[in-house]
Chemist: 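Have a look at this one.
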Amino acid sequence: WEGAFLTRTDAQIFAGKVEEKEFEPSHAWDGPYQGGDFGFSQDPTAAIQCWIYQGDLYVSHEAFKKKLEIDDTAAFVEGKIPGWSNDVSRWDNARPESISYLKRHGMKRAQSCDKWPGSVEDGIEHLKSYGKIYVHPRCPSISREFRLYSYKVDRNTEDITSKIVDDHNHGIDALRYAIGPMIKRRSEPRIRAL
């Protein structure tokens, strides 16, 4: 915003929802839920591990890196998120060949996420349905994304639109993939036959 980051605005998608907090998951928590989003040159590959407890979502670990070769992905993620390969991880289904590679090279439980028309919006609404989203301090990249992920602001009127800016979202996409099976699809309008 005029050369600096805007820290709080009505355009922020998760304004007031996210808080940084130290925590350690216990056996009473649901999870881990894990997701990954592929990137390379401009965008990072992002992997997220999260948990659910008493109506709140907890992001415990992250792995973000630009220019991460697919050959190095499993070792990099496992190095940042201990035990990653022991549990299911859901990855962007736009890259089935990359998921297949990961399954053959250390991430045997990697699988494709589900996507559908409106899945981004449905995922955002699901994330906003948690009481709070707590992010561990060891996860600075997704903390930054939560601060910057926003709705588009009309440049002529300065009105906040319902369009989501496709930026600062790789960790958030990975988070949506991680909890994908819990996200409810909005019911599609029924078309009546005449």
Side-chain angles (χ1 to χ4, degrees), residues 1-7 11-14 18 20 22 31-51 57-116 119-121 123-124 127 133-152 163-180 183:
W1 221 251
E2 296 183 2
F5 290 123
L6 180 62
T7 56
Q12 280 181 296
I13 293 173
F14 293 101
V18 181
E20 189 175 286
E22 289 201 26
Y33 303 106
Q34 303 180 137
D37 188 44
F38 297 105
F40 191 70
S41 61
Q42 299 298 317
D43 299 325
T45 293
I48 296 293
Q49 184 181 74
C50 65
W51 306 76
L57 184 66
Y58 292 79
V59 178
S60 61
H61 290 84
E62 69 174 25
F64 277 65
K65 188 171 184 178
K66 290 183 181 178
K67 298 186 180 177
L68 180 63
E69 296 286 348
I70 191 69
D71 300 5
D72 302 325
T73 300
F76 175 75
V77 172
E78 187 73 39
K80 295 284 186 182
I81 307 175
W84 172 272
S85 298
N86 297 332
D87 294 292
V88 169
S89 59
R90 292 178 177 82
W91 291 81
D92 186 350
N93 65 5
R95 301 278 298 275
E97 74 289 352
S98 295
I99 296 168
S100 176
Y101 182 90
L102 292 177
K103 288 178 86 156
R104 293 189 320 273
H105 295 90
M107 289 189 192
K108 291 184 180 6
R109 302 195 68 193
Q111 56 185 251
S112 292
C113 71
D114 286 332
K115 288 198 232 177
W116 57 90
S119 62
V120 172
E121 293 82 1
I124 288 169
L127 289 170
I133 299 173
Y134 293 106
V135 178
H136 198 282
R138 69 178 154 241
C139 303
S141 296
I142 195 163
S143 286
R144 181 177 183 275
E145 285 190 357
F146 275 126
R147 283 192 310 274
L148 299 176
Y149 196 41
S150 61
Y151 293 107
K152 183 178 180 184
K163 295 180 181 135
I164 298 165
V165 177
D166 187 19
D167 199 10
H168 310 294
N169 58 352
H170 300 284
I172 293 170
D173 286 349
L175 184 58
R176 284 189 307 101
Y177 303 152
I179 60 171
I183 297 171

Chemist: At what distance, to the nearest 0.5 angstrom, does SG of C139 lie from CZ of F64?
Modeler: 8.5 Å
Chemist: When you measure from the side chain of E62 to the backbone of S141, do you find a donor-acceptor pair of N or O atoms at a distance under 3.5 Å?
Modeler: yes
Chemist: What's the shortest heavy-atom distance between S85 and G106, and which atoms?
Modeler: OG-O, 3.0 Å
Chemist: Hey, does the side chain of T45 reach the backbone of G39 with a donor-acceptor pair shorter than 3.5 angstrom?
Modeler: yes
Chemist: What is the minimum heavy-atom distance between E145 and H170, and which atoms define it?
Modeler: OE2-N, 3.1 Å
Chemist: Tell me, please, which residues at least two apart from R176 pass salt bridge (charged side-chain N to carboxylate O under 4.0 Å, His left out).
Modeler: D173
Chemist: How far apart are the closest heavy atoms of I81 and A47, and which atoms are they?
Modeler: CD1-O, 3.8 Å
Chemist: Could you check whether Y101 and D71, counting side-chain N and O atoms only, form a donor-acceptor pair closer than 3.5 Å?
Modeler: yes
Chemist: For the atom pair OH (Y58) and OH (Y134), what is the distance rounded to the nearest 0.5 Å?
Modeler: 5.5 Å
Chemist: What residues form a side-chain contact (heavy atoms from CB on, under 4.5 Å) with E69, not counting sequence neighbours?
Modeler: F40, D72
Chemist: Which atoms form the tightest heavy-atom contact between C50 and A178, and what is the distance?
Modeler: SG-CB, 4.3 Å
Chemist: Look at the aromatic rings of Y149 and F14 and report parallel, tilted or perpendicular, splitting at 30° and 60°.
Modeler: parallel
Chemist: So, do L127 and I179 sit near enough that their side-chain heavy atoms are less than 4.5 Å apart?
Modeler: yes
Chemist: For a quick check under 3.5 Å, do R104 and S100 share a side-chain donor-acceptor pair by atom type?
Modeler: yes
Chemist: Locate the shortest heavy-atom distance separating L175 from I48; write the atom from each residue and the value.
Modeler: CD1-CG2, 3.9 Å
Chemist: For K80 and H61, run side-chain contact (heavy atoms from CB on, under 4.5 Å): C-alpha distance rounded to whole Å, both residues' side-chain angles, the deciding distance at 0.1 Å, then the answer.
Modeler: CA-CA 7 Å; K80 295 284 186 182; H61 290 84; over 6 Å; no
Chemist: Donor-acceptor pair, Q34 side chain versus W84 backbone, under 3.5 Å?
Modeler: yes
Chemist: Can you tell me how far CG of D43 sits from NZ of K67, rounded to the nearest 0.5 angstrom?
Modeler: 12.0 Å
Chemist: Stepwise, does the side-chain contact (heavy atoms from CB on, under 4.5 Å) test hold for N93 with Y177?
Modeler: CA-CA 9 Å; N93 65 5; Y177 303 152; over 6 Å; no
Chemist: Mind listing the side-chain donor-acceptor pairs of residues 107-115 below 3.5 Å, one per line with the distance, residues two or more places apart or on another chain?
Modeler:
from: R109; atom 1: NH1; to: N86; atom 2: O; distance (Å): 2.9
from: K115; atom 1: NZ; to: D92; atom 2: OD1; distance (Å): 2.6

Chemist: Which atom names give the shortest non-hydrogen contact between P137 and E22, and what distance separates them?
Modeler: CG-CG, 3.6 Å
Chemist: Rounded to the nearest 0.5 Å, what separation is found between the CD1 atom of I124 and the OG atom of S119?
Modeler: 9.5 Å
Chemist: Using a 4.5 Å cut-off on heavy atoms from C-beta on, say whether the side chain of Y33 contacts that of L57.
Modeler: no
Chemist: Tell me whether the count of non-hydrogen atoms from other residues, nucleotides or ligands lying under 6.0 Å of CD in E97 goes above 12.
Modeler: yes
Chemist: Once you round to the nearest 0.5 Å, how far does CZ of F38 lie from CG of L102?
Modeler: 5.0 Å
Chemist: If I take atom NZ from residue K66 and atom OG from residue S41, how far apart are they, to the nearest 0.5 angstrom?
Modeler: 8.5 Å
Chemist: Quick one: does P44's side chain get under 4.5 Å of K65's, heavy atoms only?
Modeler: no
